[in-house]
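Notes follow the structure.
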Amino acid sequence: MAKQYWLMKCEPSAYTIDDLERDRQTCWEGVRNYQARNFMRDDMKVGDRVLFYASNADPSGVTGIAEISKEGYPDHFSWKKAHKYFDARSKKEKPLWYMVDIDFVERFNATVPLFLLKSIEGLEQMLVTKKGSRLSVQPVTKNEFEIVVRLGRTMTAQTT
DNA sequence: GCCAACGTTGGC
DNA sequence: GCCAACGTTGGC
């Protein structure tokens with residue numbers, strides 16, 4: 001299958017592209033939305049590229065690039081009692097929630113802010129630019145991905 | 001911090 | 001199966 005492209009949101013208080021650059025790799029636990037889970041469990045493949053998006057940030061926007069390094073597997077945090085991601089409905093024999101692993105690829109010098117994405121021709125259909133789109137794991141097209149990466153590489157610290 | 005938009009839950 | 005109530009997300 002051809003390489004696919006995604007956008008994954010995370011609040012900076014939880015994890016940032018800087019954290020990923022330091023760690024080189026992380027697991028994407030804690031997604032508790034069925035649509036997002038299905039993307040991770042069923043569709044993401046090793047090598048797929050990911051726009052790393054900082055939500056609830058100042059400014060919110062895409063901060064870098066990651067890559068899927070491990071395909072969907074059970075989110076074992078859902079089995080850990082007392083963990084904030086614990087969910088009694090998820091059983092080891094029948095996991096309810098899934099996660100993937102991602103590798104660090106690139107950190108932009110500055111965030112590509114959401115307000116800029118909204119103004120760019122070619123990104124009108126991109127889910128994250130649409131009002132009320134809360135999905136934390138979203139598919140993006142190759143074209144959208146490439147536009148955002150090109151923008152990201154032109155960002156400098158001064159432009160924000 | 002506010003609040004609109006959305007997803008989920010649960011009573012009926 | 002409907003839909004009101006509730007909790008969460010996330011831009012601003």
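A note on names: the letters A, B, ... follow the listed sequences, proteins ahead of strands, and every chain is numbered from 1.
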TODO: Select base, sugar-phosphate, or nothing to describe what Tyr53(A) touches, counting heavy atoms under 4.0 Å on all strands.
DONE: sugar-phosphate
Task: 5' to 3' contact window, DNA chain C with chain A (heavy-atom distance under 4.0 Å) - done: dG7(C) to dC12(C)
Task: Ser136(A) to Val31(A) - nearest heavy-atom pair and separation - done: OG-CG1, 4.3 Å
TODO: Can you measure from OG1 (Thr63(A)) to CD1 (Ile17(A)) and round to the nearest 0.5 angstrom?
DONE: 4.5 Å
Open item on the list: Is it the case that the ring center of Trp6(A) lies less than 6.0 angstrom away from the ring center of Phe39(A)?
Closed with: yes
Open item on the list: Which residues pass the salt bridge (Lys or Arg N to Asp or Glu O under 4.0 Å) test with Arg22(A), not counting sequence neighbours?
Closed with: Asp19(A)
TODO: Would you mind classifying the nucleic acid contact of Arg37(A) as base, sugar-phosphate or nothing, using non-hydrogen atoms under 4.0 angstrom?
DONE: nothing
Task: Touch class at under 4.0 angstrom, heavy-atom based, for Lys130(A) against every strand present - done: nothing
Task: Whichever of Asn33(A) and Asn56(A) has its nearest DNA chain B nucleotide further upstream toward 5' - done: Asn56(A)
Open item on the list: Counting the benzene-type ring for Trp, do Trp97(A) and Tyr34(A) have ring centres under 6.0 Å apart?
Closed with: yes
TODO: Check whether the ring centres of Phe52(A) and Trp28(A) lie less than 6.0 Å apart, and answer yes or no.
DONE: yes
TODO: Give the cluster check for Met8(A) versus Leu123(A): same hydrophobic cluster or not, with ILVMFWY residues linked at side-chain heavy-atom distances below 4.5 Å.
DONE: no
Task: Cationic N near anionic O, under 4.0 Å, Arg107(A) to Asp18(A) - done: yes
- [ ] Rounding to 10 degrees, work out the angle separating the end axes of the helix from dG1(B)-dC12(C) to dC12(B)-dG1(C) (five pairs an end).
- [x] 10°
